[in-house]
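Basis for what follows: all heavy atoms, side chains included, without hydrogens, waters or symmetry-related copies.
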Amino acid sequence: MIITLKDGSTKEYAESRSVYEIAKDISEGLARVACAGELNGEVVDLRTIVSEDANLNILTASDPAGLATIRHTTSHVLAQAVKRLFPSAKLAIGPSIDTGFYYDFEAEPFSREDLDNIEKEMKKIIKEGHELKRFTLPRNEAIQFMEEREEPYKVELIRDLPEDAEISFYDQGGFVDLCAGPHLMTTKGIKAYKLTSSSMAYWRGDSNKARLQRIYGTAFNKKDELNEYLEYLADIKNRDHNRLGREMELFTTVDVIGQGLPLLMPKGTKIVMKLQRWIEDLEDKEWGYVRTKTPLMAKSDLYKISGHWDHYKDGMFVLGDEEKDKEVFALRPMTCPFQYYVYKATQKSYRDLPCRYGETSTLFRAEDSGEMHGLTRVRQFTISEGHLIVRPDQMVEEFKGCLALAKHCLTTLGLQDDVTYHLSKWDPENPEKYIGDADVWNETENDIRQVLTELDVPFTEDVGEAAFYGPKVDINAKNVYGKEDTMITIQWDALLAEQFDMYYIDQNGEKVRPYIIHRTSIGCYERTLAWLIEKYAGKFPTWLCPEQVRVLPISEKYLDYAEQVRRELAKYDVDVTVDSRAEKIGYKIREARMDKIPYMLVVGQKEAEEGTVSVRSRFAGDEGQQPLQTFIDAICEEIRTKAIRKEEPQETK
């Protein structure tokens, strides 16, 4: 047989050989680092026998599939260690994942001390150097095999396989697990690993099934790669808005209030207020929007007209029972139907369009309990919502304007490089989920595609992600854990004007249906706050900080001057406080740093006599003594321009 290798060279053999034997024939060194094989495009175990002409690539830890093999084997070592330390634990599943691996067990919750002990046991198993031996059994024998070991989850998995399936297992030093592979040749191939956390999980991801305990871990080929990843995890932990936002007293949650209903605390409220005022002024003064204020609920009749009742009812909070109550209401999941009636309140001419309605809208959506997370997935939220009612000939330019506004907001916040653009399309295989016919959907999707292409915006196309009434551009970003959420949406709607009998009078005196753009400029304020916390690790740009300056008197003797400085800064709308505590100045400075205050103004005798302040900043450390007015002019310019000042490396003393 002829084996063609990745570089195009060939090896010829008179008889069958395993992938490992071929690797060893190529090079002893290659065999030592081999993790798996890629045989005719399929990842296979090193033990796989090759008996005919084939294309073969030997996979090492530098290949994603090779690294996944290391991690998969490490998950089996984890399971073996757990069974040694907790014999009554039942095995579920243990795959490799992008960040490492996990294994699910039926067991009591694992503490960090438990994980440390499991790691030590794993080290012993690896040192013992068990060879991983693959064997197979017919389905019925495999079921009996696992029943005898009292592993009900493995039995269930086997029962789900076809009657004629041949079931594979791996034995490592007497520990046997159901597995298709691939795996390393021995446990000694595991060089660097760490158990990172544990959590609850449901069997097969179904909340109606058994609650299991999941242990997460990761593995790399080298210790320095592991250490680099652990440093990355530490940074993620420090940026996680759900932790950091609570530590900084930006928001909290309370069980008796409800899941997905966060409380913004004074500091968090101040940041959201600054964002909201900026957006409202930006939209109204520079982009031609007018404000509306509409109810938080409406009768079901409104949502039946729009189609939300048929297509989105499960995502709404419904108040009342249609079978019992004369009127049924629902909390609004969006503002569009309300703003349509603002439009319809007066007759519009073609000269009145476009109408750009903006509203800071509080919305309600019945998210699943398992989806709730901090500020990114909540049941009540506030959004920079807007609807543009336009003539068809205005649609393209207005849609471009909505994209330009979104880009401006992202750039101002320093988030422009953290997003991806998506054309969210309908699913023609499931037309019952949508209103309108295929021609309308295809035409509007193509219009958006042309706009994005013309503006040179890189984008992907996602089937089935459109709203039920039209395609859209979703601007997405990932949180620190890599989960993607939609931050800003711009929707093209050629259908709902018909539902609501909306029209304008054209130049010929005829009634014409307008088009509608549903859009946000900054999206959901709660989700944006979470994004900003993680982006800046709580060190927000100065203009957004709830406390921009803290005045630090050296002693009580200079409290009066400190208060004078505070009053002067407050005249310019700078958010400033005085630390009047009887603490040493070094302690006050350290605490201000921990609170992530942009500027600290140290004042003592010299500053009081000369009308100056000694400036220390989060950005450059000691910036020296300045006249108070000089500092005021500088910070006011920084706030006015919404500058994002970079932090400079500072010497540690």
Charged N-O contact under 4.0 Å between [X] and [Y]:
{"X": "Glu563", "Y": "Arg566", "answer": "yes"}
{"X": "Lys267", "Y": "Glu547", "answer": "no"}
{"X": "Glu568", "Y": "Lys571", "answer": "yes"}
{"X": "Asp393", "Y": "Arg391", "answer": "yes"}
{"X": "Arg513", "Y": "Asp501", "answer": "yes"}
{"X": "Arg519", "Y": "Glu398", "answer": "no"}
{"X": "Glu465", "Y": "Lys472", "answer": "no"}
{"X": "Asp281", "Y": "Arg277", "answer": "no"}
{"X": "Glu359", "Y": "Arg332", "answer": "yes"}

Partners passing ring-ring contact (aromatic ring centres under 6.0 Å, His included) against [X] (at least two apart in sequence or in another chain):
{"X": "His373", "answer": "His241"}
{"X": "His518", "answer": "His387, Tyr469"}
{"X": "Tyr481", "answer": "none"}
{"X": "Tyr343", "answer": "none"}

Would you say [X] has more than 12 foreign heavy atoms packed within less than 6.0 Å of its [atom1]?
{"X": "Asp98", "atom1": "CG", "result": "no"}
{"X": "Lys511", "atom1": "NZ", "result": "no"}
{"X": "Arg211", "atom1": "CZ", "result": "no"}
{"X": "Lys433", "atom1": "NZ", "result": "no"}
{"X": "Glu429", "atom1": "CD", "result": "no"}
{"X": "Met594", "atom1": "CE", "result": "no"}

Any donor-acceptor N/O pair, [X] side chain to [Y] backbone, under 3.5 Å:
{"X": "Asp325", "Y": "Asp321", "value": "yes"}
{"X": "Glu526", "Y": "Phe381", "value": "no"}
{"X": "Arg645", "Y": "Pro541", "value": "no"}

Working note: Leu544 + Tyr536, criterion side chain to side chain contact (heavy atoms under 4.5 Å, CB included); need CA distance, chi angles, decisive distance, verdict. CA-CA 11 Å; Leu544 275 177; Tyr536 294 106; over 6 Å; no

Starting from the C-alpha separation in whole Å, work towards a yes-or-no answer on side chain to side chain contact (heavy atoms under 4.5 Å, CB included) for Trp492 and Glu445. CA-CA 8 Å; Trp492 185 302; Glu445 286 174 2; over 6 Å; no

Residue pair Cys636 / Tyr572: nearest heavy atoms and the distance that separates them: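 Here Cys636 and Tyr572 meet closest at SG-CB, 3.6 Å.
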
Which atom pair, heavy atoms only, marks the closest approach of Ala466 to Gly470? CB-O, 3.6 Å

From [X] [atom1] over to [Y] [atom2], what is the distance, rounded to the nearest 0.5 angstrom?
{"X": "Gln380", "Y": "Leu363", "atom1": "CD", "atom2": "CG", "result": "9.0 Å"}
{"X": "Lys274", "Y": "Gln548", "atom1": "NZ", "atom2": "CD", "result": "3.5 Å"}
{"X": "Thr382", "Y": "Leu275", "atom1": "OG1", "atom2": "CG", "result": "11.5 Å"}
{"X": "Thr528", "Y": "Ile488", "atom1": "OG1", "atom2": "CD1", "result": "7.0 Å"}

Quick one about [Y] and [X] (side-chain donor to acceptor, distance below 3.5 Å, no hydrogens or angles considered), yes or no?
{"X": "Thr253", "Y": "Arg246", "answer": "yes"}
{"X": "Ser424", "Y": "Asp462", "answer": "no"}
{"X": "Thr360", "Y": "Glu280", "answer": "yes"}

Tell me which pairs pass ring-ring contact (aromatic ring centres under 6.0 Å, His included) where either residue lies in residues 270-294, with sequence neighbours left out.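 Residue pairs with at least one partner in residues 270-294: Trp278-Trp543.
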
Please tabulate, for the side chains in residues 295-304, all donor-acceptor contacts under 3.5 angstrom to protein atoms that are two or more places apart in sequence or on a different chain.
{"residue": "Tyr303", "atom": "OH", "partner": "Ala330", "partner atom": "O", "Å": "3.4"}
{"residue": "Lys304", "atom": "NZ", "partner": "Glu322", "partner atom": "OE2", "Å": "2.8"}

Taking it one step at a time, do Glu283 and Arg356 satisfy salt bridge (Lys or Arg N to Asp or Glu O under 4.0 Å)? CA-CA 9 Å; Glu283 290 179 345; Arg356 305 184 188 98; over 6 Å; no

Side chains of Asp595 and Arg550: does their closest heavy-atom pair fall under 4.5 Å? yes

Salt bridge (Lys or Arg N to Asp or Glu O under 4.0 Å) for Lys588 and Glu591? Distances and angles first, verdict last. CA-CA 5 Å; Lys588 291 182 180 181; Glu591 196 158 88; over 6 Å; no

Show the numbers, then the answer: is there a side chain to side chain contact (heavy atoms under 4.5 Å, CB included) between Leu601 and Leu569? CA-CA 11 Å; Leu601 303 183; Leu569 281 161; 3.8 Å; yes

Go through the steps to decide whether Phe364 and Phe317 satisfy the test ring-ring contact (aromatic ring centres under 6.0 Å, His included), and finish with yes or no. CA-CA 7 Å; Phe364 307 85; Phe317 288 104; 7.1 Å; no

